[in-house]
Structure formats: C-alpha cells, structure tokens
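Here is the naming used below: chain letters follow the sequence lines, and residue numbers restart at 1 for every chain. Just so it is clear, the model here is predicted, and its values are computed rather than measured.
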There are 2 protein chains.
Amino acid sequence: MNAPAPTRIQKKNRAAILEAALDVFSTHGFRGATVDQIAAAAGLSKPNLLYYFPSKEAIHATLLERMLDTWLDPLRALDPRGEPMDEVLAYVARKLEMSRSYPRESRLFANEIIHGAPRIHQVLSTDLKELVDKKAALLLGWMDQGRLAPVDPHHLIFSIWSLTQHYADFNVQVHAVLGGPDIDPYPEAGAFLRTLFSRLLQPDD
Amino acid sequence: MNAPAPTRIQKKNRAAILEAALDVFSTHGFRGATVDQIAAAAGLSKPNLLYYFPSKEAIHATLLERMLDTWLDPLRALDPRGEPMDEVLAYVARKLEMSRSYPRESRLFANEIIHGAPRIHQVLSTDLKELVDKKAALLLGWMDQGRLAPVDPHHLIFSIWSLTQHYADFNVQVHAVLGGPDIDPYPEAGAFLRTLFSRLLQPDD
DNA sequence: CGTGAGTTTGACCAGTTGGTCAAATCAAAG
DNA sequence: CTTTGATTTGACCAACTGGTCAAACTCACG
C-alpha cells in the first residue's frame with residue numbers, strides 16, 4: 001500500500017530538482033520559468049526531470065507546500081507563557097532571520113501572493129487566518145493586561161511580515177539604494193526593527 | 001522635427017492599451033501576460049494593438065517609466081521647512097493613499113523588483129538612490145536637532161515603503177486573513193501606521 | 001556474468017505566443 | 001464624391017514551451 005522506498009538516485013535527483021526549481025521559480029516566477037531552465041540547473045535533461053515530477057505545476061506545488069509550514073513556524077512559536085515584549089521581539093528576529101537565510105523561499109511566496117495566490121488562496125483563508133486570529137487574540141490579551149501598548153493586533157502582525165520580508169523580496173532595491181551588492185543590510189535592519197517594535201509596544205507605566 | 005500630433009483615435013487607443021496593459025501586467029506579471037490578453041482587454045485586435053506600440057516590451061517600458069515619477073512624488077514632497085513629525089506622517093499618509101488608489105501600479109512595480117528589476121535597475125541605483133540619500137540626510141538632520149527620535153533614516157524610509165505597499169501588493173493575503181473581500185483594511189491600517197510612526201519618532205523631551 | 005527494474009535521452013508533437021504583412025476599411029479634407 | 005492617409009484585420013510564421021514515447025543505457029543483485 002505504501003509508496004516504494006525511494007532509491008539513492010531518486011533522493012538525489014528529486015532534491016536537485018527542487019533546489020534548482022526554487023532558484024528558477026523565485027527569480028522568474030512560475031510563468032517565467034521554463035522546464036528546460038530548471039532541468040539544466042539541476043543537471044538533468046527535460047524528459048529526465050519529467051520522470052521525477054509529472055509536471056512543472058507539480059514541482060511548484062511541492063515547493064509551495066513544503067514552504068508554507070516552515071514559513072509559519074515562527075508565528076506558531078509565539079508563546080502565551082512568555083514575556084510579551086520578549087516574545088514579539090523574538091518573533092521579529094526569527095522572521096528577519098528567515099528572510100536572510102531563505103530569500104528565495106520568501107520571493108516564491110511573495111510572487112504567489114502578488115499574483116492573487118491562485119494555488120494557496122484556500123490555505124490562506126483557512127489555516128493561516130485561523131493561526132493569525134489565535135495569535136492576534138493572544139496579543140490583544142497582553143495589551144488588555146497592559147503588558148503591551150494597545151495597537152490593532154492584526155495590523156501588528158501584518159507589519160512584522162511586511163517589514164521583515166521586505167529585505168528578502170525587495171533586496172535588489174535595498175541594495176541599489178544602500179549602494180552596492182556588498183553591503184549587508186541585516187545588522188542595521190535588525191537594530192532598526194528592535195527599536196521600532198520596542199517603541200511601538202512599550203506600555204507607558 | 002517633432003513627432004506628428006496624435007490624432008483623436010491615437011490618443012484614445014493608446015490610453016486604452018496602457019490601461020488594459022496595466023491591468024494584465026499587474027495581475028499576471030510581464031511573462032505571464034499575453035499580447036492577446038491585453039488587446040482583448042483594450043477592445044482591439046492584436047495586430048491593431050501592435051500598430052500603436054511596437055512590442056509587448058515597449059508597452060511595459062512605457063508603463064514603468066510613466067509610473068516611476070508618480071511613485072516618487074510623495075517622497076519628493078517631504079519638505080525641509082515643515083514640522084518633522086507632520087512631514088513624516090503626511091508622507092506615510094500619501095504613500096498609503098497611493099497604495100489604496102493605485103494598487104495595480106504598486107504590484108507592477110513590486111513584480112519588477114522581485115524579479116531583479118532588470119529594466120529599472122539603473123534608475124534605482126542612480127535617481128532613486130540620490131533622492132533617498134538626500135531625504136535620509138534631511139531626516140538625520142531633524143534627528144540631530146532632537147526634533148525626531150533617532151533611528152537609521154534609510155531603514156526608516158524602507159519601513160514606510162514596505163508597510164504602505166504591503167496593503168496593495170499583498171492585498172489578497174490581507175483580505176484572506178481579515179476575512180473576506182468586503183472588508184476595507186485601509187482605515188485601520190492608516191490608524192495603525194500613524195500610531196506606529198508617532199511612537200517610533202516621538203522624541204522624548 | 002545475466003537480468004530485470006530503474007534511469008536517461010533523442011526525436012517528436014501540439015498548443016501558444018510575439019510579431020509580420022498585404023489587403024481591406026474608414027475618416028476627413030477638398 | 002473622391003482622394004489620401006490613418007486605421008483595422010485575417011492569415012500567416014517562426015520560435016518556444018510543456019509534455020510524450022519508444023528505445024537505449026545503467027546498476028544492483030542473485
């Protein structure tokens with residue numbers, strides 16, 4: 001009943017394909033990427049690639065699915081038992097670290113959303129909404145207790161997503177403005193975001 | 001020596017094409033958009049469309065160029081003679097208003113940047129950088145005078161771009177999380193952003 | 001070895017796409 | 001009404017793209 005155990009070659013090639021596809025999809029978008037490009041980047045011929053995945057669509061779906069979970073982990077980790085300000089700042093830090101370490105994943109996701117999220121709209125309005133609502137309630141609770149300054153919790157979460165992912169999705173612009181590809185914006189960005197959310201959420205006692 | 005004055009029909013059709021192209025490009029991206037789609041949306045046949053613009057590329061270039069100026073106007077309007085906090089908050093408000101009124105333009109731009117800005121990289125690292133550096137210096141001056149709380153001015157500008165454009169570029173996600181396409185996030189977003197930048201930049205006296 | 005499953009590929013195909021072109025149609029000035 | 005330039009289009013093309021397939025090759029295992 002189970003799928004047969006993947007051979008050594010299958011493991012290697014599937015991994016190579018997904019890695020190559022992430023590269024190509026994240027820089028050219030789904031429509032802009034060609035199967036030939038992905039195959040070449042993975043070191044395979046096109047028919048060979050299609051021996052491992054049934055279609056271009058399937059590769060994209062696999063990448064997206066695999067990513068969504070990882071992407072939401074930092075928010076899941078927001079701990080009700082923790083110190084509110086520490087929790088939020090840690091969430092921001094984790095999210096920024098993800099932008100730094102996985103910019104291609106971030107762009108893949110951004111691309112999908114900008115184009116109307118045709119493949120993940122369902123997940124967004126169910127799983128994601130549920131998770132966000134839960135965490136927004138948690139944040140609101142903290143605010144009601146006076147442990148965080150009051151702001152709209154949903155928009156607070158949006159602001160964290162937007163500010164952190166900006167450095168991955170718009171990195172070309174960031175580097176163009178800061179003056180060259182050698183500059184590492186992340187240290188300054190981290191400091192700026194800590195300041196921003198500290199001042200925003202510090203309750204005045 | 002001059003180009004001949006455009007006829008009435010030329011004016012009308014060029015405008016219709018650009019309007020249609022903005023729609024199609026902003027939802028499907030450059031590669032994902034087809035000339036047939038644009039022609040249909042503009043109410044023209046494909047050859048007829050190509051009678052007014054020499055290529056798909058040319059339409060896209062025209063849109064992008066036309067937009068860049070408009071896009072930077074709010075930043076240009078940051079006035080050295082104004083009251084610092086008012087100026088920044090007014091800039092944020094203008095930028096958010098642009099996201100609301102011109103989401104297609106915002107997505108067109110976002111798409112271009114995410115894919116590495118192949119057609120506007122030059123402008124970003126010259127004109128845009130110059131403008132941003134100038135305004136960053138102005139902000140820094142205000143901070144040095146104690147009229148704004150000190151933060152990195154470049155990242156402050158990034159944060160304004162990111163937070164405001166988020167509501168246009170990721171509007172599908174925003175609506176999915178907030179629960180439906182009927183919700184208007186902009187009033188709350190405006191209030192949230194005013195609070196955010198007030199608390200971030202209010203100098204403690 | 002030999003053998004059968006697993007892997008790879010050259011050749012090919014049908015659909016799509018950006019773009020061309022000659023011929024047809026239209027509009028406005030005389 | 002006629003003429004002339006502007007506008008419109010059906011038919012077409014070459015390049016590209018996602019995907020197929022039968023044949024060839026490779027590899028692990030008995």
Side-chain angles (χ1 to χ4, degrees), chain A residues 1-64 108 111-112 115 118-119, chain B residues 1-64 108 111-112 115 118-119:
Chain A
M1 215 75 258
N2 279 344
T7 66
R8 173 182 55 88
I9 295 180
Q10 273 169 20
K11 259 191 218 168
K12 193 192 67 178
N13 282 348
R14 277 177 179 273
I17 290 169
L18 288 175
E19 167 67 23
L22 178 55
D23 237 59
V24 177
F25 279 138
S26 70
T27 44
H28 300 284
F30 179 76
R31 193 85 196 297
T34 75
V35 177
D36 273 311
Q37 251 180 318
I38 300 174
L44 300 174
S45 67
K46 180 168 64 170
N48 198 11
L49 179 147
L50 289 166
Y51 170 73
Y52 290 99
F53 285 87
S55 68
K56 177 185 177 183
E57 184 68 49
I59 305 175
H60 191 254
T62 304
L63 278 179
L64 224 45
L108 186 78
N111 217 29
E112 179 69 11
H115 291 61
R119 304 155 217 280
Chain B
M1 213 78 262
N2 279 344
T7 67
R8 172 182 56 87
I9 296 180
Q10 272 169 20
K11 259 191 216 168
K12 192 192 67 178
N13 282 347
R14 278 178 180 273
I17 290 169
L18 289 175
E19 168 66 23
L22 178 56
D23 235 59
V24 177
F25 279 139
S26 70
T27 45
H28 300 285
F30 179 76
R31 192 87 197 297
T34 75
V35 176
D36 272 311
Q37 252 178 319
I38 300 173
L44 300 175
S45 67
K46 180 167 66 169
N48 198 10
L49 179 147
L50 289 166
Y51 169 74
Y52 291 100
F53 285 89
S55 68
K56 178 183 177 183
E57 183 68 49
I59 304 175
H60 192 253
T62 302
L63 278 178
L64 225 43
L108 186 77
N111 215 27
E112 178 69 11
H115 291 44
R119 304 155 217 279

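Residues A:Leu18 and A:Phe53 have side chains in contact (heavy-atom distance under 4.5 Å, counting atoms from C-beta outward). Side-chain contact check for A:Arg31 versus B:His28: every heavy-atom pair is 4.5 Å or farther apart. Side-chain atoms of B:Asn111 and A:Asn111, non-hydrogen and from C-beta on, do get closer than 4.5 Å to each other. Proximity of B:Lys56 to B:Thr34: side-chain heavy atoms (C-beta onward) are nowhere separated by under 4.5 Å.
The nearest pair of heavy atoms linking A:Ile9 to A:Tyr52 is CG2-OH, 3.5 Å. In plain terms, the two heavy atoms of A:Ala16 and A:Ala42 that are nearest each other are O-CB, 3.8 Å. Heavy atoms only, all atoms of each residue included: A:Ala33 and A:Val24 are closest at CB-CG1, 3.4 Å.
At the phosphate of D:dT7, OP1 or OP2 sits under 4.0 Å from a side-chain N or O atom of B:Thr7. Applying the 4.0 Å criterion to OP1 and OP2 of C:dT8, one finds that A:Tyr51 has every side-chain N and O outside that range. A close approach under 4.0 Å does not occur between any side-chain nitrogen or oxygen of A:Asn48 and OP1 or OP2 of C:dT7. Between C:dT8 and A:Asn13, a contact under 4.0 Å exists linking OP1 or OP2 to a side-chain N or O.
In this structure, B:Gln10 atom CD and D:dT8 atom C1' are separated by 13 Å, rounded to whole Å. In this structure, A:Ile17 atom CD1 and C:dT8 atom C1' are separated by 12 Å, rounded to whole Å. Taking atom CG on A:Leu49 and atom P on C:dT7, their separation rounds to 14 Å, with Å as the unit.
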When you check every protein heavy atom under 4.0 Å of nucleotides 22-30 of chain C, what one-letter string (B, S, -) results, 5' to 3'?
-> ------S--
List the protein contact pattern of nucleotides 11-19 of chain D with one symbol per nucleotide (5' to 3'): B for base contact, S for sugar-phosphate-only contact, - for none; contact means a heavy-atom distance under 4.0 Å.
-> B-----SBB
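Checking each of B:Ile59, B:Thr62, B:Leu63 against B:Ile17 for a side chain to side chain contact (heavy atoms under 4.5 Å, CB included) leaves exactly one that passes, namely B:Ile59. The only member of B:Glu57, B:His115, B:Glu112 that meets side chain to side chain contact (heavy atoms under 4.5 Å, CB included) when paired with B:Phe30 is B:Glu57.
A:Phe53 comes within contact range of no nucleotide atom at all, as no heavy-atom separation falls under 4.0 Å.
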